[in-house]
Amino acid sequence: MADAKWYVVHTYSGYENKVKANIEKTIENRKLQDQILEVSVPLQEAIELKNGVKKKVQKKMFPGYVLLNMIMNDDTWYVVRNTRGVTGFVGPGSKPVPLSETEMRNMGIQKDEEVAVDFEVGDTVTIISGAWENTQGVIKAINPHKQIVTINVDMFGRETPVEISFTDVKAEN
């Protein structure tokens with residue numbers, strides 16, 4: 001299997017979050033989770049001064065651009081390129097160029113660290129922090145790239161999938 005790389009997509013200005021949501025919805029509908037691993041609109045904290053009041057706000061680091069960690073093939077190229085709001089990949093002509101290691105480091109994107117976990121799909125785990133603290137659930141999926149597990153928890157008498165960080169769950173013995 002090919003290696004996933006980071007690519008940059010140009011969007012209409014102000015459509016970055018909409019493009020991100022549309023691509024994520026398409027990934028889910030077409031079951032491309034193993035090919036398009038992450039969609040990102042990098043943000044940075046800034047302080048704005050309005051009416052004499054300082055306020056922390058989140059600003060887009062690269063307005064008009066969305067970052068994608070994906071395996072480039074005809075299917076993924078087509079899905080991303082034909083997403084509403086996307087004007088194209090960054091690169092010469094129609095050939096997308098992945099970000100280099102140096103560019104990724106300068107932007108604060110590190111290589112994924114492999115995390116060894118002591119649980120697997122089907123195991124029962126307890127959530128140890130956050131809104132779901134002390135809730136038990138069964139692992140339905142593990143995403144090592146995002147370092148999250150999807151577990152089913154009982155909510156209002158129904159099984160409901162919830163995504164939780166690796167650090168917020170503990171395997172039951």
Side-chain angles (χ1 to χ4, degrees), residues 1-9 11 16-44 58 60-61 65-86 89 96 98-101 103-105 107-173:
M1 181 137 120
D3 217 15
K5 295 186 179 352
W6 283 93
Y7 294 89
V8 180
V9 174
T11 69
E16 301 89 352
N17 292 330
K18 191 134 188 88
V19 165
K20 178 182 185 217
N22 288 342
I23 291 173
E24 287 174 341
K25 192 179 294 180
T26 305
I27 291 168
E28 194 175 315
N29 292 342
R30 294 192 180 200
K31 310 229 181 309
L32 294 171
Q33 292 91 336
D34 58 337
Q35 294 177 47
I36 301 176
L37 308 174
E38 191 174 343
V39 184
S40 175
V41 177
L43 300 172
Q44 65 184 4
Q58 295 285 326
K60 293 180 183 91
M61 286 175 71
Y65 295 95
V66 174
L67 303 178
L68 292 157
N69 187 10
M70 61 187 268
I71 296 168
M72 184 59 70
N73 59 37
D74 290 343
D75 292 338
T76 56
W77 180 89
Y78 181 84
V79 163
V80 173
R81 185 62 187 87
N82 291 293
T83 299
R84 181 177 298 200
V86 171
F89 280 93
L99 293 174
S100 69
E101 295 287 327
E103 291 167 327
M104 289 170 40
R105 232 184 343 272
M107 290 171 37
I109 302 172
Q110 271 80 37
K111 280 270 191 208
D112 290 339
E113 295 177 21
E114 285 298 315
V115 177
V117 292
D118 60 348
F119 44 76
E120 56 190 43
V121 174
D123 285 357
T124 300
V125 293
T126 301
I127 301 170
I128 57 174
S129 66
W132 295 95
E133 190 171 358
N134 298 325
T135 305
Q136 282 195 331
V138 177
I139 296 177
K140 294 299 176 193
I142 299 175
N143 185 333
H145 298 287
K146 290 186 178 179
Q147 297 186 2
I148 57 172
V149 291
T150 303
I151 64 172
N152 277 354
V153 296
D154 187 34
M155 188 162 71
F156 305 121
R158 282 193 172 167
E159 291 268 302
T160 305
V162 177
E163 288 185 344
I164 304 290
S165 169
F166 282 176
T167 58
D168 293 335
V169 295
K170 180 180 79 173
E172 292 300 308
N173 294 335

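Reckoned from all heavy atoms, side chains included, excluding hydrogens, waters and symmetry mates.
- Of all heavy-atom pairs between L37 and A4, the closest is CD1-CB, 3.5 Å.
- Considering every non-hydrogen atom in both T83 and V79, the closest pair reads OG1-O, 2.7 Å.
- Using the six-membered ring where Trp is involved, F119 and F166 have ring planes that are perpendicular, over 60° apart on the 30 and 60° scheme.
- If you take OG on S165 and CD1 on I128, they are separated by 9.0 Å, rounding to the nearest 0.5 Å.
- Side-chain N or O atoms of T76 include one that pairs as donor or acceptor with a backbone N or O of I71 at under 3.5 Å.
- The salt bridge (Lys or Arg N to Asp or Glu O under 4.0 Å) test applied to K60 returns E16, not counting sequence neighbours.
- The minimum heavy-atom distance linking V121 with A141 is given by the pair CG2-CA, 4.2 Å.
- Inter-residue side-chain proximity for I36 and V80 is flagged as met; some heavy-atom pair is nearer than 4.5 Å.
- We find the OG1-CD distance between T124 and Q136 to be 6.5 Å, quoted to the nearest 0.5 Å.
- Few gaps surround CD on E133; more than 12 heavy atoms of other groups in view lie less than 6.0 Å from it.
- Residue E120 holds its CD atom at 8.5 Å from CD1 of I139, rounded to the nearest 0.5 Å.
- Other residues, nucleotides and ligands place no more than 12 heavy atoms under 6.0 Å from the CG atom of D74.
- Between P98 and M72, every side-chain heavy-atom pair lies at or beyond the 4.5 Å cut-off.
- Taking CG of N82 as the reference point, atom CG of N22 lies at 12.5 Å (rounded to 0.5 Å).
- Residues D168 and W132 form no side-chain contact, since every pair of their non-hydrogen atoms from C-beta on lies 4.5 Å or further apart.
- Side-chain contact between I151 and I127 is present, with at least one heavy-atom pair separated by less than 4.5 Å.
- Within the model, atoms CZ of R158 and CG of N152 stand 13.0 Å from one another, a figure rounded to the nearest 0.5 Å.
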- Task: Given side-chain contact (heavy atoms from CB on, under 4.5 Å), test V39 with I27 step by step and report yes or no.
- Result: CA-CA 10 Å; V39 184; I27 291 168; 3.9 Å; yes
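- The shortest heavy-atom contact between P42 and L67 is CG-CD1, 3.4 Å.
- No donor-acceptor distance shorter than 3.5 angstrom exists from the side chain of Q35 to the backbone of L32, with no hydrogens or angles considered.
- Taken from CE in M70 to NZ in K5, the straight-line distance is 12.0 Å, to the nearest 0.5 Å.
- The shortest heavy-atom contact between E28 and Q33 is CA-NE2, 3.9 Å.
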